[in-house]
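Written below as structure tokens is the structure these notes are about.
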Amino acid sequence: MTAGTYTNPVLNADWSDPDVVRVGDDFYLTASSFGRAPGLPLLHSRDLVNWTLVGHALERLEPAGEFRTPRPDCGVWAPSLRYHDDRFWIFWGDPDQGVFQVNAPEIRGPWTRPHLLKAGKGLIDACPLWDEETGEAYLVHAWAKSRSGIKNRLTGHRMHPDGTSLLDDGKVIVDGDRIPGWFTLEGPKLYRHDGWFWIFAPAGSVETGWQGAFRSRGFFGPYEEKVVLEQKDTDVNGPHQGGWVRTPSGEDWFLHFQQRGAYGRVVHLQPMSWGTDGWPVLGAEGAPVAVHRRPDLPPQPPTAPVTDDDFPGGRFGRQWQWSANPRDGWATQHSGDGLRLACVRSVDTHDLRKLPNVLTQRLPGVPSVVEVELTLHGEEPGARAGLAVLGDAFGWIGLQRGTDGSVHLVHRFAEAVAERERDAEHPRPAPEGRARLRIEIGAGARCRFFHDVGDGLEPSGPVFAATPWRWVGALLGLFALAPAGSGHAGAASFTQFRITPL
């Protein structure tokens, strides 16, 4: 890569189903957050290449009772980010509840509480459009067959301009079953351009799909279609689902995802132009680019969403999300540095996948070293804390208090089909009750675990291959637990969390 070019992916971690909007000289991006809280991440850029995480639009998922435990395949699916009437708007579909929206005067909030615009099962991937020429407003959404029995079609509505209600019962405006070779049509993004209504929508499934464009002179159709981005002879599988944005100088760009297994859905930036036939041309004549000239925007210093954390005052950075809606008392603020997690009592201490009090962040998309210092304060027999790689399968390394009061270094894992964890290595004494924990994540998300309990860094157990968690990439996690019972079970402290290139 040279100073005048960029290399894909521009966001090399699981920023799934991205959408983007420009306001003035600033670009903003949001992504799916499924069942984690806070949800609806908000990223900012000045050049479409370098991004920082500036917050979240959704403090907790609603209805709150539905997300007391992890639901990694539910919650926020494929949000759409728009700017209208001096406000930011995000619409999304929850496959079990319906179409929601939130809005705010500034990207950092305050954001409204979720408003249920359309209730129903299987309503996903919602996107609004305010037609500046006519004052009309519209909404389009897709369908999840797992909830509704319907898929491969897009439904359109007229919407009240204030975004609070729909004005009709809806109509199927694109039926993928009527287009030869098209299947799993979803993820629509709605635009107006050159006198046409445009729907940019992916099809063909997450791992191997393509990006389609649809156009019509009227919102309710009929629409004609064209494939505008596909893998062709590149190594970028399934390049699809994202958003179009125009720079102040009039350049067009398209951000989309690529499914990379345990790494989740990483984000690519494609050049975009308009062909002589009036259709969009994405990438290099419809194939994704690996390296390309940067957008015509002021140069910015290299940045990426923050991963490291010293937890000042016991507060964790915005890169962290709980695996379900949080409850008071899980993390304690204090005067020093370091994250202090309560050893939350649970009947599910044998399976991290069932626990809401795991603090997670995305697995890095390049080979990396993850390290953290851990001290176990909990005196309760069975109290434990550690560093995890969490997916359909999981592995973790950490400390556990024995029935005799001593502390041991433990390393455990569970396969995707296993209902409980088992030892990956024999426990060993950790006499000071503290340890330095390390995971080396190599090619193919193959993880090697290490520990230092005072005798220097030593390897532990076999290699663990990280796996996705439903449609979510694998997550790094910090946790503290104790067996079911009554009373306070103590806490654990984490300090100096670091991710560095391997």
Side-chain angles (χ1 to χ4, degrees), residues 16-17 19 32 73-80 82 91-101 116-129 131 136-159 165-192 196-230 238-244 256-257 259 265 279-280 471:
S16 177
D17 313 318
D19 194 25
S32 295
D73 55 347
C74 302
V76 177
W77 283 22
S80 294
R82 294 292 181 265
F91 286 65
W92 75 95
D94 177 318
D96 300 301
Q97 310 294 331
V99 174
F100 287 93
Q101 61 96 340
L116 185 59
L117 183 65
K118 180 183 180 180
K121 293 282 189 180
L123 311 180
I124 59 169
D125 306 355
C127 183
L129 172 71
D131 188 338
E136 299 276 346
Y138 305 94
L139 181 88
V140 64
H141 69 79
W143 294 87
K145 186 175 182 180
S146 59
R147 307 324 200 263
S148 64
I150 301 169
K151 64 178 290 189
N152 206 31
R153 64 188 65 170
L154 306 179
T155 294
H157 290 269
R158 292 188 184 275
M159 183 175 72
S165 61
L166 300 176
L167 303 181
D168 57 36
D169 293 332
K171 175 185 175 182
V172 174
I173 58 176
V174 180
D175 186 346
D177 290 345
R178 295 179 178 270
I179 308 173
W182 284 60
F183 59 96
T184 317
L185 175 65
E186 56 190 4
K189 296 291 181 275
L190 187 56
Y191 308 98
R192 279 286 257 158
W196 297 88
F197 286 89
W198 289 89
I199 299 174
F200 286 26
S205 80
V206 169
E207 293 188 353
T208 59
W210 58 88
Q211 181 66 37
F214 299 81
R215 70 180 184 184
S216 174
R217 291 297 185 184
F219 172 70
F220 287 103
Y223 283 84
E224 49 186 326
E225 80 285 340
K226 186 175 182 180
V227 175
V228 293
L229 186 69
E230 55 189 326
H240 71 328
Q241 189 154 341
W244 162 37
H256 67 90
F257 77 73
Q259 170 67 30
R265 301 173 183 181
W279 287 89
W471 298 302

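Computed from a prediction, not measured in an experiment: that's the story for all the values here.
The two residues Asp19 and Gly243 have their closest heavy-atom pair at OD1-CA, 3.5 Å. Minimum interatomic distance between Asp96 and Cys74 (heavy atoms only, all atoms of both residues): OD2-SG, 3.6 Å. For the residue pair Val228 and Pro280, the shortest heavy atom distance occurs at CG1-O, 3.5 Å. Nearest heavy-atom pair across Tyr191 and Gly242 is OH-O, 4.5 Å. The minimum heavy-atom distance between Trp210 and Gly181, with the atom names listed, is CH2-O, 3.5 Å. In terms of heavy-atom proximity, Cys127 sits nearest to Arg82 at SG-NH2, 3.3 Å.
Rounding to the nearest 0.5 angstrom, the gap separating the NZ atom in Lys189 from the CD atom in Gln241 is 6.0 Å. In this structure, Phe183 CZ and Lys151 NZ are separated by 7.5 Å, a value rounded to the nearest 0.5 Å. Put simply, CG on Leu154 and CD on Glu186 are 9.5 Å apart, with the number rounded to the nearest 0.5 Å. Atom CD1 of Ile173 is separated from atom OH of Tyr138 by 10.5 Å, given to the nearest 0.5 angstrom.
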Which atom pairs, donor and acceptor, lie under 3.5 Å between side-chain atoms of residues 199-209 and protein residues at least two apart or in another chain?
residue: Ser205; atom: OG; partner: Thr208; partner atom: OG1; Å: 3.1
residue: Thr208; atom: OG1; partner: Gly204; partner atom: O; Å: 3.4

Taking distance alone, no hydrogens or angles, what donor-acceptor pairs closer than 3.5 Å link side-chain atoms of residues 220-227 to residues at least two apart or in another chain?
residue: Tyr223; atom: OH; partner: Phe219; partner atom: O; Å: 2.6
residue: Glu224; atom: OE2; partner: Arg215; partner atom: NE; Å: 3.1
residue: Lys226; atom: NZ; partner: Asp277; partner atom: OD2; Å: 3.1

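Scanning for side chain to side chain donor-acceptor pair (under 3.5 Å) contacts around Trp244 gives Asp252, with sequence neighbours left out. Partners of Phe214 by ring-ring contact (aromatic ring centres under 6.0 Å, His included), not counting sequence neighbours, listed by chain and number: Trp182. Gln211 pairs by the side chain to side chain donor-acceptor pair (under 3.5 Å) definition with nothing, not counting sequence neighbours. Residues passing the salt bridge (charged side-chain N to carboxylate O under 4.0 Å, His left out) test with Arg192, sequence neighbours excluded: Asp131, Glu133. Under the salt bridge (charged side-chain N to carboxylate O under 4.0 Å, His left out) criterion, Asp17 pairs with Arg265, sequence neighbours left out. Under the salt bridge (charged side-chain N to carboxylate O under 4.0 Å, His left out) criterion, Arg178 pairs with Asp175, not counting sequence neighbours. Legend: residues meeting side chain to side chain contact (heavy atoms under 4.5 Å, CB included) with Ser148, ordered by chain and number and at least two apart, are Trp143, Ile150. A search for side chain to side chain donor-acceptor pair (under 3.5 Å) contacts involving Asp177 returns Asn152, not counting sequence neighbours.
Crowding of Asp168 atom CG: a count of heavy atoms from other residues, nucleotides or ligands under 6.0 Å exceeding 12.
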Exercise. Are Phe197 and Arg217 close enough, and set up right, to give a side-chain contact (heavy atoms from CB on, under 4.5 Å), and what steps lead you there?
Worked result: CA-CA 6 Å; Phe197 286 89; Arg217 291 297 185 184; over 6 Å; no
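Counting only residues at least two apart or on different chains, the side-chain hydrogen bond (donor to acceptor under 3.5 Å, both in side chains) pairs with a member in residues 117-126 are Lys118-His141, Lys118-His157.
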